[in-house]
Amino acid sequence: MRVTMTINGQQRSDEVEDRMLLVHYLREVAQLTGTHVGCETSLCGACTVLMNGKAVKSCTVLAAQADGAQITTVEGLAKDGELHPVQEGFWEEHGLQCGFCTPGMLMLATDLLSRNPDPSEADIRHALDGNLCRCTGYQHIINAVQYAARKMRGDARKSA
Amino acid sequence: MAAAVVPKFVGTRVKRREDPRLISGNGTYVDDVKLPGMLSMVILRSPYGHAKINSINVEAARKIPGVVAVVTGEDLKGKLGSLTTAAPAEHIPYHPPLAQGRVRFVGEAVVAAIATDPYKAQDALDAVEIDYDPLPVISDPEKALEDGAPIIHEEFKTNISTRAQVASGDIDGAMRSADRVIKFRLVNQRLAPVPMEPRGAVAQWNQGSGQLTLWSSTQGPHLLRSYLAEILKLPENRMRVIAPEVGGGFGAKLNVYAEEVLAGYLAMTLKHPIKWVERRRENLATNTHGRDQIVYVEAPVKNDGTLLGLKAKFICDAGAYLQLLTPLIPGFSGMMMTGCYKVPAMAFEQLVVFTNKMAPDAYRGAGRPEACYIAERTMDMVALELNLDPAEVRRKNFIPKEAFPAQIPSGLVYDSGDYAAALDKALKIIDYPKLRAEQAEARKQGRYIGIGLCSYVEICGIGPSAMLPPTMKGGGWESATIRMEPDCKVTVLTGVSPHGQGQETSFAQMIADEFGIGIDDVTVLHGDTAIVQYGTGTFGSRGTSVGGAALMMATQKLQAKMKKIASTMMETPPDQIVFHQGTMALASDLSKSIPMQKVVDAAYGYKVPIPGVEPGLNESAFYEPTACTFPFGTHACVVEVDPDTGVVKFLRYVAVDDCGRVINPLLVEGQVHGGIAQGIAQALYEEVIYDENGQLLTATLMDYAVPKAEMLPHYELDSTVTPSPVNPLGIKGVGEAGTIGSTPCVVNAVHDALKPFGIKNLDMPLKPERIWRAIKSARKA
């Protein structure tokens, strides 16, 4: 079947097998390998992307279900060579070690901060429940999300 | 004042140089490697714990469009060597990459399908028909030892793979002279390492040059090359192994696996690049597991809490086949089981036993978490039985700081330590006396608060090569090469293979300081056998303590050469020249200097020959450690147990760790955090479960409880710094400390909370159900 979607601002249209998963479409067809496959069962969150602005596990979405959608992947976070505040936060606060869960964590954090600009530690821990990290023990990830939240609130004030 | 003074980097919180690529989706993991003509391999695995294979029918599978090959164990007979173990064992089973005639654990590889994409390869496997005859299964290692138990490898006539016995001092005398002998059974349950990136391999055969390139998600590319070359019958100089970005390992990627052999062999025979990427179910079933030791402990003590000896009998599960280090790991548990304590006598006996399960092997800590669990549960058992304070029992038995270097009964020599200082610091942070008063008050109100302590010591930087089994390829040393490039930028090639630890940053910090240059002037390369000299790899918290020492040796060679060149240019003896802010300067007067670039130009241009100095700036070193390092510390935590649900809630978690000198505190924090998380996971959540039929019940992340953020506490970290005298950097290592210290700490805290119920010894994981049942039966009694 044919699917058409806008990925990181660029529209593309491809013929795919009906059974193709969105994550495989992104990685194999669109050649965006920043999104990772960690479990294929929507339990680990490594494959999290934004679909129409909301975080989804792209391993349990069919490419067909994303037909017509706006998709943002980790490759689409930085704008004009400027890191997104969540990327900056993860770098500043050592929010990653092996980096495999990181793209999913970044997309989840982006989704969280769009809903809650000032999350507490408990809010962040709760929001992270669908995203596993085996390296950091999460504390530096929480610091990273809070760093991004501060930065985004500051930027919002500046632009207002 | 010079405009740009280069700061010192060692000891500061430099943010990681690995991160820009990883936060932007530009890392290249194995699954991101794409080659022209590449085919996908998918593996069909045994659904039985133990069965005879009567027949395999692959005809229908081979006819599916897009399917290139469907291969069984019979097809490979005589063509490949056996997977093997590096450690000595009485009985080492033949371990073909695809099962031949019999399967011995759930997940054992049986058929490989190769197709143009993984979906079609899976279609092929769905069309394979296998006729199995199930055989009797052994999933409990104690039952494997019973008379009449089914034998897993009939040729050995026993399920015991190997045994060990070590004794030192007069343990029988200690038993006789003790006021009490405290006896208990401990179970270190089986765990799954679960790196977030599953394993994977891409193999490419160049028919013209006879060269095989293998990308593998591995912690030790050179060791992997040596073992694979033997199995594939290839010369090592025709084989290149690349560890690209590796998404965590924790020991599970320090091995030689069937899929790496299959990908290599099939790339060579089909003359197409082959990619295999593991699925999470395969990861949970067929990556080496960790722990799985049952230990019977006997502790002879005086009534004042003095430990007179320690005796243990271990039954260690080996799984169905031995993986690379399976028989080696339990040795560390025995050798280190006396922990931080002066124990006049010790004895242990170990049986390593075959079962119908995946083989355990190194998992973060690799033998030392089990050792620490024995020592630290013993301390709390002694305190409980004698009604003493657990902190005081520890203090009474500590090896005193004056005793270092201290030889322990197993023969190991602890390098340096001050165990009481770490304990005191932890107790001060949690305000121990006040906490005990609060606990007593809470108990009156029906609240069950527990305080847990763990004073750990562990062994790192292994170590003199002679400590490793003679049968193991490679050694305990590490290698480094340093090149000053013609433009004055530095390239480092390290033999360690970091996969999250951050040596691209910490090594650059060291080099930047050594040459007085910027951190961005240094690039650290690793993980490619065609680029990097032979190295041992990353495991056992050795990356910085051993790999860093090798790098310092190479650096000193390079600096000596550069000083020799500068000395002819500056007409000054070399020993009076130092590296300073991008120059080479007179130590006594830094203003008398020449730019480092001029020295580099002289070395590479060589238009004016320098007597006694070869052109170029490239030096290598192989560092053989003279001894091991022994990091230590005390973890303390406070938990509250809900008696109605059995749920354990963290109130505080404090870790005081001593890993010697620190290059980058930010990275050390990250290592400790992650380590604590994995140790808590063992204490409270994780357990690989096989049922009595050898069926794996924890084959998905729904069933295997890798902790989520809400299941873990906020960690409060502090440290003491006791440099190691063993290596020139004073570093002890930190990769596994958190895992080792945290498990007993949490288990002790939960038992402390349950003390009013008379509950003394519950096995991990301390899941709500287990605690709730224990409370329920205690209340009945």
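Keep in mind that the numbers below use all heavy atoms, side chains included, and drop hydrogens, waters and symmetry copies. Residue numbers begin at 1 in each chain, while the letters A, B, ... track the order of the sequences.
For chain A, no part of L284(B) is nearby; none of its heavy atoms comes within less than 4.5 Å. Both the backbone and the side chain of R16(B) come within less than 4.5 Å of a heavy atom in chain A. Residue contact with chain B, scored on non-hydrogen atoms closer than 4.5 Å, involves the backbone and the side chain of L132(A) alike. Residue L701(B) touches chain A through both its backbone and its side chain, counting heavy-atom pairs closer than 4.5 Å. L96(A) touches chain B through backbone and side chain together, each having a heavy atom under 4.5 Å away. Using a 4.5 Å cut-off between heavy atoms, L83(A) contacts chain B through its side chain alone, with no backbone atom that close. Neither the backbone nor the side chain of E278(B) comes within contact range of chain A, judged by heavy atoms closer than 4.5 Å. Using a 4.5 Å cut-off between heavy atoms, Y715(B) contacts chain A through both its backbone and its side chain. Residue contact with chain B, scored on non-hydrogen atoms closer than 4.5 Å, is absent for T41(A).
Judged purely by atom type and a 3.5 angstrom limit, Q97(A) has no side-chain atom pairing as donor or acceptor with the backbone of G502(B). Without hydrogens or angle criteria, R279(B) side chain to G38(A) main chain gives no donor-acceptor distance under 3.5 Å. The main-chain N or O of V706(B) is never found under 3.5 Å from a side-chain atom of R134(A) such that the two would form a donor-acceptor pair. Within the 3.5 Å criterion, the main-chain N or O of P707(B) finds a donor-acceptor partner in the side chain of Y138(A).
Atom CG of N26(B) and atom OG1 of T33(A) lie 8.0 Å apart (nearest 0.5 Å). Atom CD1 in I23(B) sits 9.5 Å away from atom CZ in F90(A) (nearest 0.5 Å). The line from SG of C135(A) to CD of Q501(B) is 8.0 Å long, rounded to the nearest 0.5 Å. Atom NZ of K708(B) sits about 7.5 Å away from atom CG of L43(A), to the nearest 0.5 Å.
For M20(A), the side-chain contact (heavy atoms from CB on, under 4.5 Å) partners two or more places apart in sequence, or in a different chain, are V16(A), H24(A), Y25(A), V29(A), Y119(B). The side-chain contact (heavy atoms from CB on, under 4.5 Å) test applied to D123(A) returns N116(A), P119(A), S120(A), not counting sequence neighbours.
E669(B) and H94(A) are not linked by any side-chain donor-acceptor pair at a separation below 3.5 angstrom, with hydrogens and angles left out of the test.
Atom CD of E82(A) is surrounded by 12 or fewer heavy atoms from other residues, nucleotides or ligands within 6.0 Å.
Residue with the most contacts toward chain B among E121(A), H140(A), E75(A): H140(A) (heavy-atom pairs, distance under 4.5 Å). Of the listed residues (G34(A), G99(A), A122(A)), the one with the most heavy-atom contacts under 4.5 Å to chain B is G99(A).
Between G247(B) and C98(A), the shortest heavy-atom distance links the atoms C-SG, 3.3 Å.
With salt bridges taken as basic N to acidic carboxylate O contacts below 4.0 Å, none links K275(B) and E28(A). Using a cut-off of 4.0 Å between Lys/Arg side-chain N and Asp/Glu carboxylate O, R280(B) and E40(A) are scored as not salt-bridged.
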Worked verdict on H36(A) versus E197(B) for side chain to side chain donor-acceptor pair (under 3.5 Å) = CA-CA 8 Å; H36(A) 296 149; E197(B) 181 207 24; over 6 Å; no

